[in-house]
Amino acid sequence: MESEHHVIIVGAGVAGIASALALKDAGLSPLVLDRADQVASSWRSRYDSLRLNTWRRFSHLPGRHYPKGTGTFPSRDQIVEHIERHAGEDGVELRLGTSVERIDRSGGGWAVHTAAGELRAPQVIVATGVDQAPVVPDWPGRETFEGRLIHSSDYRNPAPFSGSRVLVVGAGSSGMEIAHELAMSGAAKVWLAVRTPPNLLLRQGPGPVPGDLIATWLWSLPTGMADRIARFGARMDFGDLSEYGLPPAETGVFTAVRAEGKVPAIVDAEVVEAIKERRIEVVPALVALDASGVELSGGARIEPEAVICATGYRRGLEPLVGHLDVLGERGMPKALAPEAAAPGLRFAGFLFRPGALGFMGKLARRTAKAIARELRDRPSAERVPLSNPNRPAMSRRPSS
Ligand SMILES: Cc1cc2nc3c(=O)[nH]c(=O)nc-3n(C[C@H](O)[C@H](O)[C@H](O)COP(=O)(O)OP(=O)(O)OC[C@H]3O[C@@H](n4cnc5c(N)ncnc54)[C@H](O)[C@@H]3O)c2cc1C
């Protein structure tokens with residue numbers, strides 16, 4: 001089945017909707033597919049108290065700002081509302097409840113195989129996100145544990161854990177924030193298991209300055225210099241946390257992001273205060289479970305009633321595009337939009353950098369430009385007419 005769209009976009013999160021908006025602003029007609037029944041599904045399923053750890057001005061769709069009155073760090077529901085509102089703009093066609101199973105070359109373009117049949121278009125953008133498949137390590141004895149064991153993506157709020165002893169595994173932003181919320185909301189005991197001490201950055205500060213404003217500036221400096229400044233800043237903000245089980249990270253913040261795609265833990269000052277007050281006890285890495293407890297690296301044993309694994313995600317791109325030689329290390333795309341990974345095939349999102357959400361909007365505009373150019377330069381027999389022939393490609397776009 002040939003689609004009448006210039007571009008099929010897989011994924012209706014920030015990257016997918018930003019791409020669709022930039023394309024329609026450029027006079028092209030995008031079709032957005034998502035396996036969920038609503039847009040922004042990744043955000044909808046995140047925990048109730050989640051706020052962005054990136055500033056609202058660095059986290060909006062291209063040329064579309066958050067409404068007046070939105071806080072410095074939009075809440076989960078505000079980002080869902082933002083995506084939903086703009087996904088509803090004229091010129092963005094959505095086909096929800098449509099899971100994409102595989103993408104193949106087809107003639108000069110691409111065939112997108114969905115559970116409901118095949119769609120074809122000259123251009124495809126994959127925007128399925130970095131957080132598609134939750135990862136829970138296959139620890140020895142995992143299946144014998146008689147307590148509750150969940151991934152952080154299934155955590156909503158602290159209510160079910162009131163009065164319980166809880167072990168949170170993983171000291172990224174989510175793990176630290178969940179541990180803090182549990183500790184402040186009636187859990188009997190909260191441990192935080194840390195394998196590799198994280199780089200810590202303050203969500204806000206000094207004063208009212210959003211942390212990612214500073215991080216974005218540091219991102220533009222030579223990496224070693226940025227690491228040294230960030231390390232000094234963390235020391236000023238948090239002090240030496242070695243006696244609480246959190247010695248300084250071995251790899252600098254920016255080296256870790258650039259070389260390993262490893263993002264720092266972005267936290268509020270209260271989270272670190274709770275660690276200093278021993279409301280959250282930092283313990284070594286979890287190495288094994290049994291029916292009633294867990295063994296930690298170094299041999300200690302603790303007996304939590306629940307284990308929450310903030311142990312990250314896989315990209316889950318292999319079934320879709322693994323056969324196309326477009327994936328590299330850690331299952332990440334070899335090339336990110338606006339660059340094409342294969343002629344007419346691009347990956348949007350998949351970014352590890354400060355202000356990632358807003359930067360996706362900037363890249364979306366460059367991508368729309370590149371796609372408009374490629375479609376214009378195709379032999380006329382292969383050319384799909386523009387959705388609105390009176391409006392030339394790239395003729396209109398709102399200012400950011
Ligand atoms: C708890 C948490 C908090 C975060 N906070 C921030 C933050 O504050 N700031 C920030 O910049 N980043 C944050 N991130 C990172 C964030 O996930 C990404 O920046 C952002 O969500 C990526 O947007 P995306 O559009 O690329 O992916 P997503 O928002 O994940 O959207 C991908 C979409 O693709 C769909 N999809 C996937 N596979 C298929 C398929 N096969 N067929 C059809 N549809 C499919 C999914 O249903 C989903 O709707 C956070 C991540 C987590 C886990």
Side-chain angles (χ1 to χ4, degrees), residues 8-20 31-56 58-61 72-76 78-80 83-84 87 94-103 112-116 119 124-135 151-156 170 172-178 201 203 210-212 215-216 261 263 265-267 310-321 333 336-337 347-361 363-364:
I8 293 176
I9 298 168
V10 187
V14 169
I17 298 301
S19 302
L31 170 67
V32 185
L33 310 177
D34 201 293
R35 65 183 174 196
D37 292 329
Q38 293 171 296
V39 301
S41 66
S42 299
W43 295 101
R44 285 176 203 274
S45 59
R46 286 177 184 157
Y47 47 95
D48 298 344
S49 63
L50 182 133
R51 284 185 303 143
L52 287 187
N53 50 35
T54 47
W55 188 21
R56 113 183 143 238
F58 286 167
S59 306
H60 61 78
L61 291 162
T72 308
F73 302 101
S75 67
R76 176 195 67 182
Q78 285 170 329
I79 181 154
V80 168
I83 300 171
E84 196 162 45
L94 298 172
R95 207 167 292 175
L96 301 173
T98 305
S99 186
V100 173
E101 291 161 355
R102 184 179 162 101
I103 298 171
V112 174
H113 304 277
T114 77
L119 294 160
V124 169
I125 297 177
V126 178
T128 49
V130 287
D131 312 310
Q132 281 320 303
V135 173
H151 188 266
S152 56
S153 57
D154 291 320
Y155 171 88
R156 293 291 165 275
S173 302
S174 297
M176 295 190 81
E177 202 159 82
I178 291 170
L201 290 183
R203 189 191 322 243
D212 69 331
T216 300
V263 294
I266 301 175
V267 293
T311 37
Y313 298 82
R314 264 196 308 275
R315 324 301 162 217
L317 284 168
E318 289 79 4
L320 246 62
V321 295
L336 292 184
F347 292 86
F350 304 97
L351 287 179
F352 300 109
R353 54 159 290 145
L357 295 175
F359 197 69
M360 288 177 197
L363 293 180

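Ligands are counted one by one from 1 in listed order, and the atoms in each one are counted from 1 as well. Note that this is a predicted model, so its numbers are computed, not measured.
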What protein heavy atom lies closest to [atom]? Include the residue and the distance to one decimal.
atom: atom 44 (N) of ligand 1; answer: R35 N, 3.1 Å
atom: atom 14 (N) of ligand 1; answer: W43 CH2, 4.1 Å
atom: atom 34 (O) of ligand 1; answer: G11 CA, 3.3 Å
atom: atom 7 (C) of ligand 1; answer: N53 OD1, 3.2 Å
atom: atom 27 (O) of ligand 1; answer: G129 CA, 3.3 Å
atom: atom 9 (N) of ligand 1; answer: T54 OG1, 2.9 Å
atom: atom 33 (C) of ligand 1; answer: D34 OD2, 3.5 Å
atom: atom 3 (C) of ligand 1; answer: L50 CD1, 3.7 Å

Out of [options], who gets a non-hydrogen atom closest to [atom]?
atom: atom 30 (O) of ligand 1; options: S152, A356, S42; value: S42
atom: atom 39 (C) of ligand 1; options: I83, V126, T128; value: T128
atom: atom 50 (C) of ligand 1; options: R46, R51, R203; value: R46

ask   = Among R315, R46, R314, which residue meets the side-chain hydrogen bond (donor to acceptor under 3.5 Å, both in side chains) test with D131?
value =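 The residue from R315, R46, R314 that satisfies side-chain hydrogen bond (donor to acceptor under 3.5 Å, both in side chains) with D131 turns out to be R46.
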
query = side chain to side chain contact (heavy atoms under 4.5 Å, CB included) between T128 and V100: does it pass, once the steps are laid out?
reply = CA-CA 10 Å; T128 49; V100 173; over 6 Å; no

query = In Å and rounded to the nearest 0.5 Å, what is the CG to OG1 distance from L119 to T98?
reply = 8.0 Å

Considering all heavy atoms, the nearest N53-S173 contact = ND2-OG, 3.8 Å

inquiry  = Please find the pair of heavy atoms, one from S152 and one from I178, that lie closest to each other, and give the distance.
reply    =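 Here S152 and I178 meet closest at CB-CD1, 3.8 Å.
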
task = Report the C-alpha distance between Q132 and S42 in whole Å, list the side-chain angles of each, state the deciding distance to 0.1 Å, and finish with yes or no for side chain to side chain contact (heavy atoms under 4.5 Å, CB included).
result = CA-CA 8 Å; Q132 281 320 303; S42 299; 3.9 Å; yes

Considering only heavy atoms of [X], which atoms of ligand 1 have at least one such atom less than 4.0 Å away?
X: V14; value: 25 (O)
X: A127; value: 32 (C), 33 (C), 34 (O)
X: L320; value: 41 (N)
X: G13; value: 25 (O), 29 (O), 31 (O)

ask   = Between E84 and R44, does a salt bridge (charged side-chain N to carboxylate O under 4.0 Å, His left out) hold up when you go through it step by step?
value = CA-CA 11 Å; E84 196 162 45; R44 285 176 203 274; 3.0 Å; yes

Where on [X] is there a heavy atom closer than 4.0 Å to ligand 1, on the side chain, on the backbone, on both, or on neither?
X: S173; result: neither
X: L351; result: neither
X: S174; result: side chain

query = Counting only N and O atoms by type, is there a donor-acceptor contact under 3.5 Å from the side chain of S41 to the main-chain atoms of V39?
reply =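 Flag not set: sc S41 to bb V39 has no pair under 3.5 Å.
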
inquiry  = I'd like to know if the side chain of T311 reaches the main chain of V135, judged simply by a donor and an acceptor atom lying under 3.5 Å from each other, with no hydrogens or angles considered.
reply    =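 Confirmed, T311 side chain pairs with V135 backbone.
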
Is ligand 1 less than 4.0 angstrom away from at least one heavy atom of [X]?
X: E101; value: no
X: T98; value: yes
X: F73; value: no

message = Does atom CZ (R156) have a neighbourhood of more than 12 heavy atoms from anything else shown, all under 6.0 Å?
response =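 Atom CZ in R156 is packed in, count exceeds 12.
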
